[in-house]
Amino acid sequence: EAINVLSEGLSKGFRKSLLYARRAQVYMELKNYKLALSDLNNAIAGDNRNAELLKDRAKINYLSENYKQSLDDYNRAISLSPSDLNLYLHRALAKNKNGLYPEAIQDMNFYLDLFPKNDSAWYYCGLINFEHENYMDALNCFNKSLILNTSDPRYFAARGNTYLNTRTYKYAWKDFAMSLDIDPGNPEVYLNKGIASINLGDNSDACFCFQMAKKFGSPKADNFLDKYCK
């Protein structure tokens with residue numbers, strides 16, 4: 001209904017830039033990123049110094065894996081609105097996807113110095129470090145996320161993955177178990193918990209985890225079931 005109303009307004013020529021921006025937001029809610037991006041391009045064509053529009057387009061480009069365009073938009077948005085500090089957090093993620101790891105960490109550190117109690121920012125900082133195999137720095141970030149918030153299953157899962165990669169299997173198993181207590185339907189976490197169990201010598205628990213991973217849709221579960229559970 002919202003799309004129909006906005007489309008009607010556009011057909012009548014009412015404040016096109018604003019209406020394109022509003023319709024883009026509706027498409028974003030529907031996860032139709034292609035149409036959202038098209039509308040934002042039209043909105044920005046009529047209002048190219050609007051940092052909010054650039055931020056929205058940067059987000060869509062990031063979600064669509066258009067990382068270079070995302071970073072370009074975040075840079076433009078920051079040049080227009082440098083006091084919008086959340087932009088630095090999101091630019092850090094875009095920088096990382098463009099292979100700019102030191103610059104990404106620089107933006108993250110700038111943001112976290114100002115907002116040290118933002119648990120999700122610590123989580124994203126941990127993910128960046130994890131991607132670059134800086135596991136000790138990643139653990140430090142995930143620990144801080146969990147000090148601030150123990151209700152998000154992603155934080156336990158991410159720290160568990162880090163422990164798994166450092167072969168600290170007992171701690172990895174505990175974190176995966178905690179994550180599944182909060183979100184019991186995550187196939188990837190079940191799979192990784194099974195891998196931790198294999199390395200701890202608990203074949204029975206591993207097979208249970210692999211079976212649950214398969215049940216919830218993991219494409220890798222069958223390989224582990226064939227290898228360890230026949």
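The basis for the numbers below is simple: all heavy atoms, side chains too, and nothing from hydrogens, waters or symmetry mates. Throughout, residue positions are numbered sequentially from 1 according to the sequence presented.
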Asks: Grab the two heavy atoms, one from Phe176 and one from Val189, that are nearest each other, plus how far apart they are.
Replies: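 Looks like O-CG1, 3.6 Å.
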Asks: Flag the pair Thr166 / Tyr171 as yes when at least one side-chain heavy-atom distance between them is below 4.5 Å, and no otherwise.
Replies: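 The answer is no; the side chains never approach within 4.5 Å.
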Asks: Is there side-chain contact between Ile78 and Asp84, with heavy atoms separated by less than 4.5 Å?
Replies: no
Asks: Are Ile60 and Met28 packed together at the side-chain level, in the sense that at least one heavy-atom pair is separated by less than 4.5 angstrom?
Replies: yes
Asks: May I ask you to test the Asn61-Tyr33 pair for a side-chain heavy-atom distance under 4.5 Å?
Replies: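 No, their side chains stay 4.5 Å or more apart.
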Asks: Could you give the distance from CG (Asp119) to CZ (Phe142), rounded to the nearest 0.5 Å?
Replies: 12.5 Å
Asks: CD of Glu52 to CG of Leu80: how many Å apart, nearest 0.5 Å?
Replies: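 Between atom CD of Glu52 and atom CG of Leu80 there are 11.0 Å.
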Asks: Would you call Asp183 and Arg154 a salt bridge, taking side-chain N to carboxylate O under 4.0 Å as the test?
Replies: no
Asks: If we ignore hydrogens and angles and just use 3.5 Å, is the side chain of Ser218 paired with the main-chain N or O of Pro187 as donor and acceptor?
Replies: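 No: the side chain of Ser218 does not pair with the backbone of Pro187.
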Asks: Verify the distance criterion only: is there a donor paired with an acceptor across the side chains of Asp152 and Tyr123 at less than 3.5 Å?
Replies: no
Asks: May I ask whether Leu139 and Ile147 are part of the same hydrophobic cluster, defined by side-chain heavy atoms of I, L, V, M, F, W, Y residues being less than 4.5 angstrom apart, directly or through others?
Replies: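 They do not share one cluster, since no chain of ILVMFWY contacts under 4.5 Å joins Leu139 to Ile147.
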Asks: Does Tyr135, at its OH atom, have more than 12 non-hydrogen atoms belonging to other residues, nucleotides or ligands within less than 6.0 Å?
Replies: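 Atom OH in Tyr135 is crowded, with more than 12 foreign heavy atoms closer than 6.0 Å.
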Asks: Are the side chains of Asn186 and Phe216 in touch, meaning some heavy atoms are under 4.5 Å apart?
Replies: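 Counting from C-beta outward, Asn186 and Phe216 never come under 4.5 Å.
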Asks: Asn96 side chain to Ala92 main-chain N or O, any donor-acceptor pair under 3.5 Å?
Replies: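 Such a contact is absent between Asn96 side chain and Ala92 backbone.
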Asks: Going from NZ on Lys55 to OH on Tyr74, what distance comes out if it is rounded to the nearest 0.5 angstrom?
Replies: 8.5 Å
Asks: Heavy atoms only: give me the nearest Ala43-Ala21 pair and the separation to one decimal.
Replies: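 In this case the closest contact between Ala43 and Ala21 is CB-N, 3.9 Å.
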Asks: Please examine the side chains of Lys174 and Lys170, heavy atoms only from C-beta on, and report whether any two atoms are closer than 4.5 Å.
Replies: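 SC-SC contact between Lys170 and Lys174 confirmed.
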Asks: With no hydrogens and no angle check, is any side-chain donor or acceptor of Trp122 less than 3.5 Å from a backbone partner on Lys117?
Replies: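 Such a contact is absent between Trp122 side chain and Lys117 backbone.
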Asks: If we only count heavy atoms from C-beta on, is the Tyr27 to Leu37 side-chain gap below 4.5 Å?
Replies: no
Asks: What distance do Gln25 atom CD and Arg22 atom CZ have between them, rounded to the nearest 0.5 Å?
Replies: 5.0 Å
Asks: Does the pair Asp181 and Phe156 meet the rule for a side chain to side chain contact (heavy atoms under 4.5 Å, CB included), with working shown?
Replies: CA-CA 10 Å; Asp181 282 345; Phe156 286 107; over 6 Å; no
Asks: State the CG-CG distance between Leu18 and Leu53, to the nearest 0.5 angstrom.
Replies: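 Going from the CG atom of Leu18 to the CG atom of Leu53 covers 9.0 Å.
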Asks: Indicate whether the side chain of Trp173 and that of Asp202 have a donor and an acceptor atom separated by less than 3.5 Å.
Replies: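 No.
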Asks: Ion pair present between Asp72 and Arg76, side-chain N to carboxylate O less than 4.0 angstrom?
Replies: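 A salt bridge is absent here (no side-chain N lies under 4.0 Å from a carboxylate O).
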Asks: Please report the closest heavy-atom contact between Leu54 and Asn48, naming both atoms and the distance.
Replies: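 Distance-wise, the nearest heavy atoms are CD1-O, 4.4 Å.
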Asks: Is it the case that one hydrophobic cluster holds both Tyr169 and Met178, taking links as side-chain heavy atoms less than 4.5 Å apart, direct or via other members?
Replies: no
Asks: Please confirm whether the backbone N or O of Leu100 pairs with a side-chain atom of Asn98, one donor and one acceptor, at under 3.5 Å?
Replies: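 Checked: no pair found.
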Asks: For Asn129 and Tyr101, run side chain to side chain donor-acceptor pair (under 3.5 Å): C-alpha distance rounded to whole Å, both residues' side-chain angles, the deciding distance at 0.1 Å, then the answer.
Replies: CA-CA 9 Å; Asn129 280 303; Tyr101 171 64; 2.6 Å; yes
Asks: I would like to know whether Ile198 and Phe210 meet side chain to side chain contact (heavy atoms under 4.5 Å, CB included); could you show each step before the answer?
Replies: CA-CA 11 Å; Ile198 287 292; Phe210 296 147; 4.1 Å; yes
Asks: Is Ile195 reachable from Met212 through a run of I, L, V, M, F, W or Y residues, each pair having side-chain heavy atoms under 4.5 Å apart?
Replies: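 Met212 clusters together with Ile195.
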Asks: Distance from Asp73 atom CG to Ile44 atom CD1, nearest 0.5 Å?
Replies: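 Going from CG on Asp73 over to CD1 on Ile44, the span is 6.0 Å.
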Asks: Looking at Leu87 and Ser81, what are the two nearest heavy atoms and their distance?
Replies: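 So the two residues come closest at CD1-O, 3.8 Å.
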Asks: What closest approach, in Å, do Lys97 and Tyr62 show between heavy atoms, and which atom pair accounts for it?
Replies: CE-OH, 3.6 Å
Asks: For the pair Asp175 and Tyr155, evaluate side chain to side chain contact (heavy atoms under 4.5 Å, CB included) and give the outcome as yes or no after the intermediate values.
Replies: CA-CA 9 Å; Asp175 272 350; Tyr155 301 171; over 6 Å; no
Asks: Are Met108 and Phe115 connected into the same hydrophobic cluster when the rule is that any two of I, L, V, M, F, W, Y join if their side-chain heavy atoms are below 4.5 Å apart?
Replies: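 Linked within one cluster.
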Asks: Using modelled atom types and a 3.5 Å cut-off, is there a donor and acceptor pairing between side-chain atoms of Ser197 and backbone atoms of Lys193?
Replies: yes
Asks: Consider only side-chain N and O atoms of Ser120 and Asn118, and report whether a donor and an acceptor are under 3.5 Å apart.
Replies: yes
Asks: Listed by chain and number, what are the side-chain hydrogen bond (donor to acceptor under 3.5 Å, both in side chains) partners of Asn41, not counting sequence neighbours?
Replies: Arg57
Asks: Would Glu65 and Tyr67 satisfy side chain to side chain contact (heavy atoms under 4.5 Å, CB included), going step by step from the backbone distance to the final call?
Replies: CA-CA 5 Å; Glu65 300 183 3; Tyr67 298 124; 3.4 Å; yes
Asks: Looking at every non-hydrogen atom in both residues, tell me the closest pair between Tyr111 and Ala121 and how far apart they are.
Replies: CE2-CB, 3.7 Å
Asks: Do any N or O atoms from the side chain of Asn66 and from the backbone of Gln69 form a donor-acceptor pair under 3.5 angstrom?
Replies: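 Between the backbone of Gln69 and the side chain of Asn66 there is no qualifying donor-acceptor contact (under 3.5 Å).
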Asks: Examine distances only and state if a side-chain atom of Asn140 and a backbone atom of Met136 form a donor-acceptor pair shorter than 3.5 Å.
Replies: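 Absent.
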Asks: Using only atom types and a distance under 3.5 Å, with no angle test, would you say the side chain of Asn134 pairs donor to acceptor with the backbone of Asp137?
Replies: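 No, the answer is negative, given that no donor and acceptor are paired below the 3.5 Å cut-off.
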Asks: Is it true that Tyr124 and Leu146 fall in one hydrophobic cluster, defined by side-chain heavy atoms closer than 4.5 Å?
Replies: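 Yes.
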Asks: May I ask you to decide if Pro82's main-chain N or O and Tyr88's side chain share a donor-acceptor pair within less than 3.5 Å?
Replies: yes
Asks: Given the rule in the disulfide (SG to SG under 2.5 Å) test, do Cys207 and Cys229 qualify, once you have shown the distances and angles that lead to the verdict?
Replies: CA-CA 6 Å; Cys207 291; Cys229 305; 2.1 Å; yes
Asks: With no hydrogens and no angle check, is any side-chain donor or acceptor of Thr162 less than 3.5 Å from a backbone partner on Ala158?
Replies: yes
Asks: With a cut-off of 6.0 Å (strictly less than), are more than 12 heavy atoms of other residues, nucleotides or ligands near CD of Gln106?
Replies: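 No, CD of Gln106 has 12 or fewer neighbouring heavy atoms, counting only those of other groups under 6.0 Å.
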